[in-house]
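Quantities reported herein were computed from a predicted structural model and do not represent experimental measurements. Quick note: numbers below take in every heavy atom, side chains included, and nothing from hydrogens, waters or symmetry partners.
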Amino acid sequence: MNRAFKRNGCSYGNKLRFRGDNPIDADLSTTVTELQSDADLISRYYAAADDQALAQFVQKHRRWAIQRARCYVSQDEAEDVVQASIIRLMSAKPIGGRVNNPLGWWHTVISATAKDLIRESSRRTNREHSYTTDVYPSSTSQANGKESDLVDAVFDEICRTDVRFRDPLLKRYFEDLSYEEIARELNLRPGTVASRLARGIERVRDALESKGIYVPSKPSETEEMNSDATMSTDVASMVGRWQDIWFVTMHNKARGIGHLSVKEGKNDHVALHHRLDMALENAPADDPRNARNRLWFEYELSIENIQTLQWSSFRTKEGATESANALMAERGMHYDSDELIECVENGSKLVIHSGSDTKTMDVTGDGPLVPDVSAAFYICQLPRDSATVKPIRIIGFERSLEGRQWAVAPAEVRYAVCSGPPVGLSHTFEIDLKAVIGRNHYVWVDDDGTFIGMGDERESFITVESEDAALAVFTRR
């Protein structure tokens, strides 16, 4: 079973990790001696607070770090990103006190730092646009012809309104909080939050109109909230949290854009949909989905119980352009599969349908049986407590020119505080897969359990605000 997760296949998440000379491995042209030397320097810093060791490592690879940062941001911003990444290196807490792949470790920190910079810039722009268009959705601004003037006018009116409406409005449109987050902070029900937001928006509109600024009407927040009234609170919260998530990954030899979404079905069932497009060598700078050499992966997981992650079917499709498949054939792999996996007999058996072929697989072990990014879907619900240690079973496969051979590997998820490559002020969960694939993986969440990203010392997949923000990662360089 372990071999199935090691040889020429995805090492985690069915599609998102490769080993050896595969396209998304880091191109870190270092000798074994150099790697050991770097590992010793980093380990001396983390184990004995040896500042000179860290300074030596940073000085040795500073030019390399700036080149990595330039994959994400402009030349002017690259130096700032590297400097910020050094501060993050200083606060990181590697499990066991040793980093076996120092440049991979720093590369993950650099990418997280750069993407945070881009994400914050996008969030700031989207936030201003959001509360402006909610209150004033017309495409022709009446506030002196400038959106910035309208932003100021909206803010002034929000501050003048009753505290019952002011607090939800400020938290929604200035702090970028969700209904659930606002409800917790103000000790209100989510429905009450939606109602007060709707009434507050109307009050701000009325105040603006009294000053000669015409504001067309739009569907209220309450109407939008009530459209989910048939869903249970847990399912509605889960759908709201996962319904539109974009993420990016970049490496020297590959870069990609992915999208996650969740929709509600009958009887509180939900469908988790995922799409990832990976551009290989010589990827275009604007959009990797336009690359000549491109792989893509898509799946839909039908979940019956979001607490236990009990699921019934898992549809997984993948493909590649002709030129990309030619490149991958040189590595003994082919990307052209459409398979349906059914989970039957209370999770003790998998039925795998592939074209005209059907196979069954007996499954043993403890913990939820999770394929792909649904591991993060489950982990984001776990308590952020040092005592949290949960068994989990990861579905993966061995890839070859003949197709994919599926297997299930037992693993353990534990809360690792801020250990592992840091992503902002995130909480880290570690998936112990070292015995299976030779290294562990991490899932990062924020204080509310919202998914931030996942990865390892080689590569990370980091969420961004929107599709436009994802594209900005590639065009900002």
Side-chain angles (χ1 to χ4, degrees), residues 5 10-17 108 111-112 115 119 234 237-249 256-263 270-276 297-303 305-311 314 316 367-384 388-396 408-409 411-424 426-433 436-437 439-465 470:
F5 280 79
C10 295
S11 62
Y12 167 58
N14 304 336
K15 317 175 194 62
L16 301 185
R17 294 292 181 276
T108 297
S111 67
K115 291 167 190 174
R119 180 167 51 198
D234 287 344
S237 176
M238 187 63 68
V239 170
R241 179 174 293 180
W242 291 85
Q243 65 180 346
D244 188 26
I245 295 179
W246 290 88
F247 58 91
V248 298
T249 181
I257 289 179
H259 185 244
L260 274 170
S261 61
V262 170
K263 61 183 179 181
V270 298
L272 178 67
H273 183 266
H274 167 255
R275 169 84 183 199
L276 174 66
F297 315 96
E298 189 168 6
Y299 76 66
E300 185 164 301
L301 183 69
S302 179
I303 304 172
N305 187 310
I306 61 173
Q307 280 75 33
T308 63
L309 208 69
Q310 179 182 348
W311 54 277
F314 172 50
T316 170
L369 185 64
V370 293
D372 210 58
V373 180
S374 55
F377 191 79
Y378 167 73
I379 290 169
C380 285
Q381 302 178 71
L382 296 178
R384 291 172 293 284
T388 299
V389 179
K390 300 287 186 181
I392 192 171
R393 294 170 294 170
I394 303 290
I395 302 175
V408 176
E412 195 173 70
V413 178
R414 57 178 172 264
Y415 179 60
V417 196
C418 292
S419 302
V423 182
S426 60
H427 299 267
T428 302
F429 287 91
E430 180 187 46
I431 305 175
D432 188 353
L433 287 167
V436 181
I437 62 171
R439 63 187 185 276
N440 293 333
H441 289 261
Y442 307 94
V443 172
W444 301 295
V445 304
D446 67 12
D447 289 337
D448 297 308
T450 300
F451 178 55
I452 292 177
M454 60 189 241
D456 56 23
E457 294 180 7
R458 295 183 178 182
E459 175 105 22
S460 60
F461 294 78
I462 309 297
T463 61
V464 291
E465 298 297 315

Looking at CD of Q381 and NZ of K390, how far apart are the two atoms once the value is rounded to the nearest 0.5 Å? 11.5 Å
Please report the closest heavy-atom contact between P391 and P368, naming both atoms and the distance. O-CD, 3.4 Å
Between CD1 of I379 and NE2 of H441, what distance do you get to the nearest 0.5 Å? 11.0 Å
Those residues that, when tested against E412, pass side-chain contact (heavy atoms from CB on, under 4.5 Å) (two or more places apart): V389, R414, D432
For H259, what residues pass the ring pair (Phe, Tyr, Trp, His ring centres under 6.0 Å) criterion, not counting sequence neighbours? W246
Where S261 and Q243 come nearest, the two heavy atoms and their spacing: CB-O, 3.1 Å
Which atom pair, heavy atoms only, marks the closest approach of Y299 to P371? OH-O, 4.4 Å
How many angstroms lie between OH in Y378 and CG in L369, if you round to the nearest 0.5 Å? 12.0 Å
Partners of T450 by side-chain contact (heavy atoms from CB on, under 4.5 Å), sequence neighbours excluded? R241, D446, D448
Under the side chain to side chain contact (heavy atoms under 4.5 Å, CB included) criterion, do I394 and V370 qualify, and how do the steps go? CA-CA 5 Å; I394 303 290; V370 293; 3.7 Å; yes
Less than 4.5 Å apart, side chain to side chain, heavy atoms only: is that true for L260 and F377? no
V445 versus F429: any side-chain heavy-atom pair under 4.5 Å? yes
For R275, which residues count as a salt bridge (Lys or Arg N to Asp or Glu O under 4.0 Å) partner, sequence neighbours excluded? D277, E298
What pair of heavy atoms forms the shortest contact from E430 to Y442, and how long is it? CG-CE2, 3.9 Å
Criterion side chain to side chain contact (heavy atoms under 4.5 Å, CB included) on L272 and W311, from CA distance to verdict: CA-CA 10 Å; L272 178 67; W311 54 277; over 6 Å; no
How close do A411 and L433 get, heavy atom to heavy atom, and via which atoms? CB-CD2, 3.7 Å
Side chain to side chain donor-acceptor pair (under 3.5 Å) filter on Q310, not counting sequence neighbours, yields E304
I need the I395 CD1 to T316 OG1 distance, nearest 0.5 Å. 10.5 Å
Got a second to check how far T428's OG1 is from Y415's OH, nearest 0.5 Å? 7.5 Å
Go through the structure and list residues passing ring pair (Phe, Tyr, Trp, His ring centres under 6.0 Å) with F451, not counting sequence neighbours. W242
Between T463 and I452 (side chain of the first, backbone of the second, donor and acceptor by atom type, cut-off under 3.5 Å), is there such a pair? yes
